[in-house]
Participant: 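Would you mind keeping the following structure in view while I ask a few things?
All figures in this text were calculated on a predicted structure; none of them were measured in a lab. When reading the values below, keep in mind they use all heavy atoms of this one structure, side chains included, and skip hydrogens, waters and symmetry mates. Within every chain, numbering begins at 1; the chains are lettered A, B, ... in the order of the sequence lines, protein sequences first and strands thereafter.
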There are 2 protein chains.
Amino acid sequence: MATIKDVARAAGVAPSTVSYVLSGSRKISAETRVAVQAAIEELGYHPNAGARSLRSTRTNVIALALPLPSRGYLPVGGRFTYGLGEAAGEHGYDLLLITAAGGGSRGPGLERVARSRLADAAVLMGVEMEDPRIGAMRALGFPVAVLGRPADESAAPWADLDWEEAAAASVRTLHDAGHRRICYLATVEDDIRSRRSYSVRGIDGADRIAAELGAQIPVCPSSGDPEELRRRLDALFDAERPPTALAVQHPAAIPGILRHLAGRGLQVPRDVSLVAIGNFPEDLGGLDVTRIELPVQEMSAAVTRLAVAAIEGAGDPGPAARSSAGHVLIPPRITRGGTVAPAP
Amino acid sequence: MATIKDVARAAGVAPSTVSYVLSGSRKISAETRVAVQAAIEELGYHPNAGARSLRSTRTNVIALALPLPSRGYLPVGGRFTYGLGEAAGEHGYDLLLITAAGGGSRGPGLERVARSRLADAAVLMGVEMEDPRIGAMRALGFPVAVLGRPADESAAPWADLDWEEAAAASVRTLHDAGHRRICYLATVEDDIRSRRSYSVRGIDGADRIAAELGAQIPVCPSSGDPEELRRRLDALFDAERPPTALAVQHPAAIPGILRHLAGRGLQVPRDVSLVAIGNFPEDLGGLDVTRIELPVQEMSAAVTRLAVAAIEGAGDPGPAARSSAGHVLIPPRITRGGTVAPAP
DNA sequence: CTGAAAGCGCTTACAG
DNA sequence: CTGAAAGCGCTTACAG
């Protein structure tokens, strides 16, 4: 593999000149610049990443700390990897994956990556309301950006769909259609128990809109086990005053829920209206559901921008600048489908 | 951040001794080993990745070259990232993502990563029968392992589900149930046109079993556009002699296909039998479909093992050893569900 | 406008 | 059993 010395020799200049041509941080005569670029092209030269990062303390890599997939959920993390990879690429960064379990025998991935300077920053996914990773990374002086909205909003820059408003808007849509017996089917209980931020925020939004409307909006956790979920639906619809509408924050379950309702002889939307919250377009496989989709591209772009800003601002500005770093709350957009009808 | 010098000072030894404790490549007295390990623990020391890779020409990173998601398919690449990340971790490697488009302004990702030694090897996904990436990496002396089964089977180590046999077994299952009008619904046409290996292998398997059974098994490409797919299904079932059974290699489309058949008044399996090929468990969202699932863990583990072997054997053994490197063909396992019944 | 030199933090022959 | 020294390939003050 060609080194900077090879390029320098081929171009008849000093290695440092090659470096300056590459970084553009010095004025170079057109003549030598052209010669250097020709040599680079000719030799297929790319700077050695290890040497560059050793010298410059920049790796041009962003680490992605994936959550473990919750039982019964699609591995949401995987769906973000494209969006994040592309966003990172646009800023000149590559993306290094860290699975929560990962690291093998080398210890917990995130801390190892931070300490060994394998990356310049980390994007944290599947964040919990009180997430220990944020404090840990801050203690190491390692920049992070959070995909999600933790309780302490000033602890780190973050970007998220506004799940509170998404839940509220879904319920409001159903309420506006005249429904008075609305049930909020929340995320799977594993996620609620571990206080994943989108779970908690969604439930908070349902509670908030209930208070606002002066309505009772019971919240029911979903289950990753399809059979268990069906039992809960049965319990709900076997009750004396069954709901006429559902707001559902468990995207992967939507097709199964629709099938189960049909199996009970309940037609959607004639007998039951439904709004889905936070699904990927593909989750529904062509089903025409009224929904709030997860804006993967927007979220990926936003959190990447924050990570890059955190890298570039690291050290320089005071802690004040770092904490008010930037918060991006993406407003939910509701897509009208065929699953909401006026209350019977 | 602590360096090897800090550790050496704290432990009262030379930096080289710390290095030897870390690598285990030299006998160290128990006393000094303990002292060094205590200092490492104390200081939270992790070796700087850049320095280490510069010196040792090993990064302990495997690059993952993702395919662009085909239109209408779930981003299959994302589903593999967990499996590959964990497998890599078990071998002491991290995973660096390269999206096909990726690299931003820095040029095509894979070649850049190879040339700059950001990784020790690459795993190639979404491979085509004649995939130019394989030759390109070979020319650079950069080890690869392929997730898929390209035409030139000796060009690189590869691991794949045996799609030919998967297709054949699916058709055979339907034939055994007495069906004589079986249609093979292949992958989306984009994938067929670009000759993605699983597309081609699947169709080859259908053709092979047709010849074997002396039967006509028409092959119909699927479509990423749900509406277009419905039109094709209509054309199929409006024909004079409509199929009584489908083998479907387009996992994401299964729920939509079942709904569309139901919409036409066709009951599965009473009127039409169906076998799904290559789906993830979550694709079906609880549907009880006779199917051959994609063995993500097995495939991930196998291709990672091949990548690691390619790294460790790089340079050392002759080209003979490299080309016969190792091919893992995973036999399909059929899971009986409720979508196959005897022919009417 | 360009070059020579130091040094980033490691690993690994070389020496004892 | 341990240490001193060279050097991996870059970047960036320092010098002209």
Participant: Would you say dG3(D) has OP1 or OP2 under 4.0 Å from some side-chain N or O of Thr17(B)?
Facilitator: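 Looking at the OP1 and OP2 atoms of dG3(D), one of them is under 4.0 Å from a side-chain N or O of Thr17(B).
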
Participant: Looking only at atom types and distance, does a side-chain atom of Arg117(A) sit under 3.5 Å from a main-chain N or O of Ala49(B), one as donor and one as acceptor?
Facilitator: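 No; judged by distance alone, with no hydrogens or angles, the pair does not exist.
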
Participant: What integer distance in Å separates Arg58(A):CZ from dC10(D):P?
Facilitator: 19 Å

Participant: Check whether any side-chain N or O of His327(B) sits under 3.5 Å from a backbone N or O of Ala159(B) as a donor-acceptor pair, and report yes or no.
Facilitator: no

Participant: Between atom CG in Leu22(A) and atom C1' in dG9(D), what is the gap in whole Å?
Facilitator: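 Checked: the CG to C1' distance equals 13 Å.
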
Participant: Suppose we call a contact any N or O donor and acceptor under 3.5 Å apart; does that hold for the side chain of Ser16(A) and the base of dA5(C)?
Facilitator: no

Participant: Quick check: any donor-acceptor pair below 3.5 Å linking the side-chain of Arg55(B) to the base of dG7(D)?
Facilitator: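 It does, because a donor-acceptor pair links the side chain of Arg55(B) to the base of dG7(D) below 3.5 Å.
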
Participant: Taking any heavy-atom pair under 4.0 Å as a contact, classify Ser19(A): base, sugar-phosphate, or nothing.
Facilitator: base

Participant: Within this structure, what is the CG-to-P distance between Asn48(B) and dC10(D), rounded to whole angstrom?
Facilitator: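 Distance, rounded to whole Å: 16 Å.
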
Participant: Show me the dot-bracket string of DNA chain D, counting Watson-Crick or G-U pairs under 3.5 Å, with | for pairs to another strand and [ ] for crossing ones.
Facilitator: |||.||||||||.|||

Participant: Expressed in angstrom and rounded to an integer, what is the separation of Arg9(B) atom CZ from dG9(C) atom C1'?
Facilitator: 13 Å

Participant: Taking OP1 and OP2 of dC10(D), is either one under 4.0 Å from a side-chain nitrogen or oxygen of Tyr20(A)?
Facilitator: no

Participant: Answer with base, sugar-phosphate or nothing: what part of the nucleic acid does Ala51(B) contact at a heavy-atom distance below 4.0 Å?
Facilitator: base

Participant: Are Arg195(A) and Asp131(A) ion-paired here, with the side-chain N under 4.0 Å from a carboxylate O?
Facilitator: no

Participant: Toward the 5' end of DNA chain C, which comes first, Ser56(B) or Arg26(A), by nearest nucleotide?
Facilitator: Arg26(A)

Participant: Please confirm whether the shortest side-chain N or O distance from Ser25(A) to OP1 or OP2 of dT12(D) is below 4.0 Å.
Facilitator: no

Participant: Which whole-number value in Å describes the distance from Leu54(B) CG to dG7(C) P?
Facilitator: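 Going from Leu54(B) (CG) to dG7(C) (P), I get 17 Å.
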
Participant: Can a donor-acceptor pair be found, under 3.5 Å and without considering hydrogens, that links the side chain of Asn60(A) to the backbone of Tyr93(A)?
Facilitator: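 Absent.
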
Participant: For the pair made of NE2 in His46(B) and C1' in dG9(C), what is the distance, rounded to whole Å?
Facilitator: 16 Å

Participant: Would you kindly give the CE-to-P distance between Met1(B) and dC8(C), to the nearest whole Å?
Facilitator: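 One finds 16 Å between P of dC8(C) and CE of Met1(B), rounded.
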
Participant: Counting only side-chain N and O atoms of Thr32(A), is one of them less than 4.0 Å from OP1 or OP2 of dT2(C)?
Facilitator: yes

Participant: In this structure, are over 12 heavy atoms from other groups packed under 6.0 Å from Glu130(A) atom CD?
Facilitator: yes

Participant: Which heavy atom of Ala156(B) sits nearest to which heavy atom of Ile134(B), and what is that distance?
Facilitator: CB-CG2, 4.0 Å

Participant: Please check if the side chain of Trp158(B) supplies one atom and the backbone of Ala145(B) the other of a donor-acceptor pair under 3.5 Å.
Facilitator: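 Answer holds: no.
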
Participant: Rounding to a whole Å, what distance do you find between Arg117(A):CZ and dC8(C):P?
Facilitator: 16 Å

Participant: Can you sort out the partners of Glu111(A) under salt bridge (Lys or Arg N to Asp or Glu O under 4.0 Å), two or more places apart, ordered by chain and number?
Facilitator: Arg115(A)

Participant: Identify which nucleotide among dC10(D), dT2(D), dG9(C) has an atom closest to any side-chain atom of Ile4(A), counting heavy atoms from C-beta outward.
Facilitator: dC10(D)

Participant: Taking N and O atoms by type only, does the side chain of Arg52(B) place a donor or acceptor under 3.5 Å from a partner on the base of dT11(C)?
Facilitator: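 No.
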
